[in-house]
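This report refers to the structure that appears directly beneath it.
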There are 2 protein chains.
Amino acid sequence: MKVLSQTSKYGIRALLYMVSHPSGSEYMSIGEIAREIDLSFHFLTKIFRELTAKGILYSYRGPSGGIALAKPASEIMLVDIVFALEGKDYFDQCLLGLPGCGHAKPCPVHDFWKDVKHDIRVHLSGTSLQHLSEKIVSEEVRLLL
Amino acid sequence: MKVLSQTSKYGIRALLYMVSHPSGSEYMSIGEIAREIDLSFHFLTKIFRELTAKGILYSYRGPSGGIALAKPASEIMLVDIVFALEGKDYFDQCLLGLPGCGHAKPCPVHDFWKDVKHDIRVHLSGTSLQHLSEKIVSEEVRLLL
DNA sequence: CATTATTCAGACAATTTTATCCGAAATAAA
DNA sequence: TTTATTTCGGATAAAATTGTCTGAATAATG
Ligand code: SF4
Ligand code: SF4
C-alpha cells in the first residue's frame, strides 16, 4: 500500500526536520539535513530543487547558503508538499482504475474509495508543518531513529 | 496515490467479471475474461497463476478447461485477493516510512495513518466478491466501460 | 493418434521509480 | 582574486513494476 512515494516521504521528513531543528541562521544546508535524517544528499537535493521550483522553499547558493521555508511553517500544509511532489492529480487515482471513469456509473467500490480519499484529503489539508513540528519538539512523537 | 498495484486492480476486476458473468460450464477460460475486460491475456494469466497457487482459484488445462473459484464467491473477501497479490505485509507499510518503526515512539502522523489503514482493512475484510457482484448484476454500478 | 485448446513456467523487454554521480554556476569568505 | 561552499542541472545507473512473448505440459475431441 503505497500512499506516498519515497520522494514524498523523504520530502516531508526533511521539511519536518528543518522546522523542528531551527538553525539560527536564515538558511539551512541540504547536506546537514541529509546527514541528520540519514538519506542521500544528492537525492534530497533533487527533491528540494523541486520544492523550490514549486514555491515551497527559497534557496540561496554559496557558503552559508542553503534552503529556507518560503512561508511560515503554519501555512505549509502536507497537501501542498504532496501536490508539489506527486502532482496535482494525486487524488484522481482510482482503486480499480476503470477505463474512462468519472463519466459513466461508478465501479462497485467507489463509495468506499471516495470516503477514504476524502478523509486523507481533509487530513493532509488540515495539517501544517507547524502542527507536526510541535509534536516532535515536545517529544510526543519521533522523527529520527 | 497507489493503494493497489496494477496487478491487484486487474486481478479484482477479472474476478468480479467471472462472478458477475457465470459461464454455465464449470471452468471459464482466461482468454475470454481478458478479452471482455480488455487487458493482456498473458498478463492476466500470470496473475491467475498466482491466485491459483494461493488457493483462491482452481485451474484445469486443456480444451474446455480454464479457471474457477476455489470457494463460493461469498467467502472470498477483497482482502484475500490483496494479500495474495500484494503480500501479507500489505498493511505494514508506513506513511512516512521511518526506519525501525513499530519499536520506539510513533511518528507524527501515526494516529491518522493507523485510522486510515484500519478503515481500509475493515472494508476489504468485510466485502466479498458476492457482495460486489450483486451490485454489478443489478446494474447499480459498472465494471466494464 | 493427431489436432486443438488451454494453463504453466519462465525468459525477455519496456517503463517507472529510486538512487548515484559529475560538473557548472553562484556566492561568501579568506 | 582565489578558494571553499553550496545549490543547480542533468546524465547515468540500479531496482522495481508492468507488460510481452515463446515454448512446454495437459487434456479433450475427432
Ligand atoms: S468508480 Fe470511483 S473508485 Fe471506481 S474506478 Fe471510477 S473513480 Fe475509481
Ligand atoms: S509511527 Fe506509524 S505511521 Fe509513522 S512510520 Fe511508524 S508505523 Fe508508520
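Just so it is clear: chains get the letters A, B, ... in the order the sequence lines come, proteins before strands, and each one is counted from 1.
Of the candidates C/dG10, C/dC22, D/dT17, the closest approach to any side-chain atom of B/Arg49 belongs to C/dG10. For B/Pro63, the listed nucleotide lying nearest its side chain is D/dA27; candidates were D/dC8, D/dA27, C/dT18. Listed candidates were C/dT27, C/dT18, D/dG19. Nearest to the side chain of A/Tyr60 is C/dT27. The side chain of B/Arg61 sits closest to D/dA25 out of C/dG10, D/dA25, D/dT18.
Nearer to the 5' terminus of DNA chain D, by closest-nucleotide assignment, is the contact made by A/Thr52 (compared with the other of A/Lys46 and A/Thr52). Across the interface with DNA chain C, nearest-nucleotide mapping of A/Gly62 and A/His42 shows A/His42 to be the residue nearer the 5′ end.
Residue A/Leu57 contributes atom CG, which lies 17 Å from atom P of D/dT6 at whole-angstrom precision. For the pair A/Gln6 CD and D/dT17 P, the interatomic distance rounds to 11 Å; values are reported in whole Å. Here the P atom of nucleotide C/dT6 and the CD1 atom of B/Ile33 are 12 Å apart, to the nearest Å. Here the P atom of nucleotide C/dT17 and the NZ atom of A/Lys9 are 14 Å apart, to the nearest Å. Rounded to whole angstrom, the span from the CE atom of B/Met28 across to the P atom of C/dT6 amounts to 12 Å. Spacing between atom CD of A/Glu50 and atom P of C/dT18 amounts to 14 Å, rounded to whole angstrom units. Atoms CG (B/Leu44) and C1' (D/dT18) sit 14 Å apart, rounded to a whole Å. Distance CD1 (A/Ile67) to P (C/dT27): 17 Å, rounded to an integer number of Å.
Taking the six-membered ring for Trp and thresholds of 30 and 60 degrees, B/His123 and A/Phe112 have nearly parallel ring planes, at less than 30 degrees apart. The aromatic rings of A/Phe43 and A/Tyr10 lie perpendicular to each other, with more than 60° between the two planes, well past the 30° mark.
Listed pair A/Tyr10 / C/dA19 meets the phosphate criterion, a side-chain N or O lying under 4.0 Å from OP1 or OP2. Regarding contacts with the backbone of C/dT7, every side-chain N or O of B/Tyr27 stays at 4.0 angstrom or more from both OP1 and OP2. Side-chain nitrogen and oxygen atoms of B/Tyr58 include none within less than 4.0 Å of the OP1 or OP2 phosphate oxygen of C/dT7. At C/dA28, none of the side-chain N or O atoms of A/Ser64 fall inside 4.0 Å of OP1 or OP2 (strictly under the cut-off). For the OP1/OP2 pair of D/dC8 and a distance below 4.0 Å, the side-chain nitrogens and oxygens of A/Ser59 include at least one atom meeting the criterion.
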| task | Begin with the C-alpha distance, continue with both residues' side-chain angles, and end with the deciding distance and a verdict on side-chain hydrogen bond (donor to acceptor under 3.5 Å, both in side chains) for B/Ser5 and B/Glu86. | result | CA-CA 8 Å; B/Ser5 65; B/Glu86 310 254 351; 2.9 Å; yes
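Proximity of a side-chain donor or acceptor of A/Ser133 to a complementary backbone N or O of A/Leu129 within less than 3.5 Å is not detected.
Nearest heavy atom pair, residue A/Ile47 against residue A/Gly11, reads CG2-CA, 4.0 Å.
A/Lys2 comes within 4.0 angstrom of the backbone, heavy atoms only, and of no base.
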